Novice: 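Can you keep this structure in mind? I'll have questions shortly.
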Amino acid sequence: MNPVINGPLYAVVPAAGIGERMGAGFPKQYLSLAGKTLAEHTLNRLLSFAPIDRVLVAVSVQDPWWPTLGVSTHSRIATVSGGAARAESVRNGVTRALELGGENAWVLVHDMARPLVRLSDIQNLLDQTDSQGAILALPVVDTIKQADDGNHIAATLDRDCIWRALTPQLFPARALHDALQGDLAGITDEASAMEKVGRRPALVAGHSDNIKVTVPEDLALARFYLACQLGDEESML
Ligand code: C5P
């Protein structure tokens with residue numbers, strides 16, 4: 001294990017969204033992918049990654065589907081209350097990680113809606129982090145435009161230094177907890193909270209099959225990527 005990770009490691013999984021853009025009528029993590037829910041795919045992968053001590057899942061208190069999943073009672077899973085915004089759900093999970101693991105705990109925050117994360121990418125994140133933390137990300141391939149009023153181009157950005165943030169994102173629990181205090185408006189990932197308090201997490205190149213299932217067409221893409229991964233089991237190791 002990377003020596004900067006000097007305490008227990010907890011996965012924190014925000015799963016309290018309503019999945020409005022998916023339009024399924026229930027949260028998207030309960031959609032089926034190859035006979036299992038997205039949530040089961042995601043959690044099974046995290047549970048099969050031995051360095052993770054416990055998986056802390058933030059679900060809405062009004063979520064009737066979560067208790068029906070067998071995995072919800074797994075001995076290495078604990079449930080915490082979700083919040084009105086993703087960052088609040090994460091903050092609740094990180095607070096529990098500190099309670100369970102103390103000041104040296106680390107947290108690996110991963111969207112429930114990303115069921116195809118590769119264990120080899122999680123390992124890369126652990127290997128490459130420094131004390132500031134690190135995130136999986138992808139360099140952009142398209143030319144990136146900045147809009148002014150929403151419809152017109154204000155600038156073309158230098159794509160050589162632009163990455164798309166994925167999850168997992170890995171941080172010392174105490175540092176992330178403190179960064180998530182106060183106004184959480186506009187905080188859509190953990191790294192942006194850390195940036196706001198002056199930290200500079202590392203970027204670790206991930207894989208493009210680690211999609212966040214968000215809109216209906218993403219399910220077909222997830223099915224395709226899952227089949228590719230199962231056809232190439234070595235990519236999961
Ligand atoms: O909405 P978005 O796709 O960014 O959600 C990413 C993850 O954050 C999802 O797994 C979702 O369930 C979770 N989330 C949450 N609490 C919220 C909103 C979203 O845990 N209030």
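One-based numbering, in listed order, for ligands and for the atoms of each. Small disclaimer: the values here were computed from a predicted structure and weren't measured. The figures that follow rest on heavy atoms only: side chains count, while hydrogens, waters and symmetry mates do not.
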Novice: Quick one: does R114 get within less than 4.0 Å of ligand 1, heavy atoms only?
Specialist: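 Contact absent.
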Novice: Please determine whether any non-hydrogen atom of A15 lies less than 4.0 Å from an atom of ligand 1.
Specialist: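 A15: in contact with ligand 1 (<4.0 Å).
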Novice: At the 4.0 Å heavy-atom cut-off, does T214 count as touching ligand 1?
Specialist: no
Novice: So which protein heavy atom does atom 18 (C) of ligand 1 come closest to, and at what separation?
Specialist: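 Minimum-distance protein heavy atom for atom 18 (C) of ligand 1 reads G17 CA, 3.5 Å.
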Novice: Does the residue E20 have a heavy-atom contact with ligand 1, meaning some pair of atoms that are separated by less than 4.0 Å?
Specialist: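 Heavy atoms of E20 never come under 4.0 Å of ligand 1.
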Novice: How far is atom 7 (C) of ligand 1 from its nearest protein heavy atom, and which residue and atom is that?
Specialist: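 The answer is D111 OD1, 3.4 Å.
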Novice: Hey, is A16 touching ligand 1 through its side chain, its backbone, both or neither, going by heavy atoms under 4.0 Å?
Specialist: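 For A16, the contact with ligand 1 is made by both the backbone and the side chain.
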Novice: Considering only non-hydrogen protein atoms, determine which one is nearest to atom 21 (N) of ligand 1 and report residue, atom name and distance to 0.1 Å.
Specialist: G83 O, 2.9 Å
Novice: Would V59 and W65 satisfy side-chain contact (heavy atoms from CB on, under 4.5 Å), going step by step from the backbone distance to the final call?
Specialist: CA-CA 10 Å; V59 290; W65 298 279; over 6 Å; no
Novice: Return the residue, atom name and 0.1 Å-rounded distance of the protein heavy atom closest to atom 9 (C) of ligand 1.
Specialist: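 Checking every protein heavy atom, the shortest distance to atom 9 (C) of ligand 1 gives P14 O, 3.7 Å.
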Novice: Would R159 and T143 count as a side-chain contact (heavy atoms from CB on, under 4.5 Å) if you check the C-alpha gap in whole Å, the side-chain angles of each, and the deciding distance to 0.1 Å?
Specialist: CA-CA 6 Å; R159 70 181 179 190; T143 299; 3.4 Å; yes
Novice: Can you report which non-hydrogen protein atom sits closest to atom 4 (O) of ligand 1, along with the distance?
Specialist: K212 NZ, 2.9 Å
Novice: Write out the residue and atom name of the closest protein heavy atom to atom 3 (O) of ligand 1, then the distance separating them to 0.1 Å.
Specialist: K28 NZ, 2.9 Å
Novice: Taking non-hydrogen atoms only, is E88 closer than 4.0 angstrom to ligand 1 via side chain, backbone, both or neither?
Specialist: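 Answer for E88: neither.
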Novice: How close does the nearest protein non-hydrogen atom get to atom 16 (N) of ligand 1, and which residue and atom is it?
Specialist: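 Here the nearest protein heavy atom works out to S89 OG, 2.8 Å.
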Novice: Quick check: do N210 and H110 have side-chain heavy atoms less than 4.5 Å from each other?
Specialist: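 The answer is yes; the side chains approach within 4.5 Å.
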Novice: Backbone, side chain, both or neither: what part of A85 comes under 4.0 angstrom of ligand 1, heavy atoms only?
Specialist: backbone
Novice: Quick test of your reading of the structure: of Q29, R86, R21, whose heavy atom lies closest to atom 1 (O) of ligand 1?
Specialist: R21
